[in-house]
Enquirer: 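This is the structure I want to talk about, given as structure tokens.
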Amino acid sequence: KELIALGIAIALRCDGCIAYHVHDAIKAGATREEMVETIGVAILMGGGPSLMYGAETLEAIEQFLTR
């Protein structure tokens, strides 16, 4: 559910939502690879603008995983 919510947050370009769902996806056991795949699907659905938010999502993933 968190990966779906993350994909929607990226496609809708919601910064706060992205951070929240990255955190909760990791807490629920999602892997980096699963989240990267979610970013790819969100970009396919959200187009070019979602690409920039996908990059921000990768940054958030790295920050949360290195804590």
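If you're wondering where the values come from, they're calculated on a predicted model, not measured in any experiment.
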Enquirer: Among the clusters formed by ILVMFWY side chains lying less than 4.5 Å apart, do Leu44 and Ile18 turn up in the same one?
Expert: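 Leu44 and Ile18: separate clusters.
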Enquirer: With a 3.5 Å distance limit and no angle check, can you tell me whether Glu62 reaches the backbone of Glu59 through a side-chain donor-acceptor pair?
Expert: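 No; judged by distance alone, with no hydrogens or angles, the pair does not exist.
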Enquirer: Are any non-hydrogen side-chain atoms of Ile39 and Ile61 less than 4.5 angstrom apart?
Expert: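 Ile39 vs Ile61: side chains touch.
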Enquirer: For Arg13 versus Pro49, what's the shortest heavy-atom pair and its separation?
Expert: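 Nearest heavy atoms, Arg13 then Pro49: CD-CB, 3.5 Å.
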Enquirer: Taking the side chain as C-beta and beyond, is there a heavy-atom pair between Ile43 and Tyr53 under 4.5 Å?
Expert: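 No, their side chains stay 4.5 Å or more apart.
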Enquirer: Lys27 vs Glu2, test: salt bridge (Lys or Arg N to Asp or Glu O under 4.0 Å). Steps then yes/no.
Expert: CA-CA 10 Å; Lys27 189 175 174 184; Glu2 285 301 327; over 6 Å; no
Enquirer: Once rounded to the nearest 0.5 Å, what's the spacing between atom CE of Met52 and atom CD1 of Ile10?
Expert: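 So the gap between those two atoms works out to 13.0 Å.
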Enquirer: Search all heavy atoms of Met35 against all heavy atoms of Ala25 and return the closest pair with its distance.
Expert: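 It is SD-CB, 4.1 Å.
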Enquirer: Name the one of Thr57, Leu65, Thr38, Leu58 that satisfies side-chain contact (heavy atoms from CB on, under 4.5 Å) with Val22?
Expert: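 Of the listed options, the one satisfying the test is Thr57.
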Enquirer: Around atom CD1 of Ile4, are there more than 12 heavy atoms of other residues, nucleotides or ligands at under 6.0 Å?
Expert: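 12 or below, so no.
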Enquirer: Look at atom CD of Glu37 and say whether more than 12 heavy atoms of other residues, nucleotides or ligands are closer to it than 6.0 Å.
Expert: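 No, not enclosed.
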Enquirer: Which heavy atom of Cys17 sits nearest to which heavy atom of Ala9, and what is that distance?
Expert: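 Smallest interatomic distance, heavy atoms only, reads CB-CB, 3.6 Å.
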Enquirer: Would you please name every residue forming a ring pair (Phe, Tyr, Trp, His ring centres under 6.0 Å) with Phe64, sequence neighbours left out?
Expert: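 His23.
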Enquirer: Determine, using the 4.5 Å side-chain heavy-atom cutoff (strictly less than), whether Ile8 and Leu3 are members of one ILVMFWY cluster.
Expert: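 Ile8 and Leu3: separate clusters.
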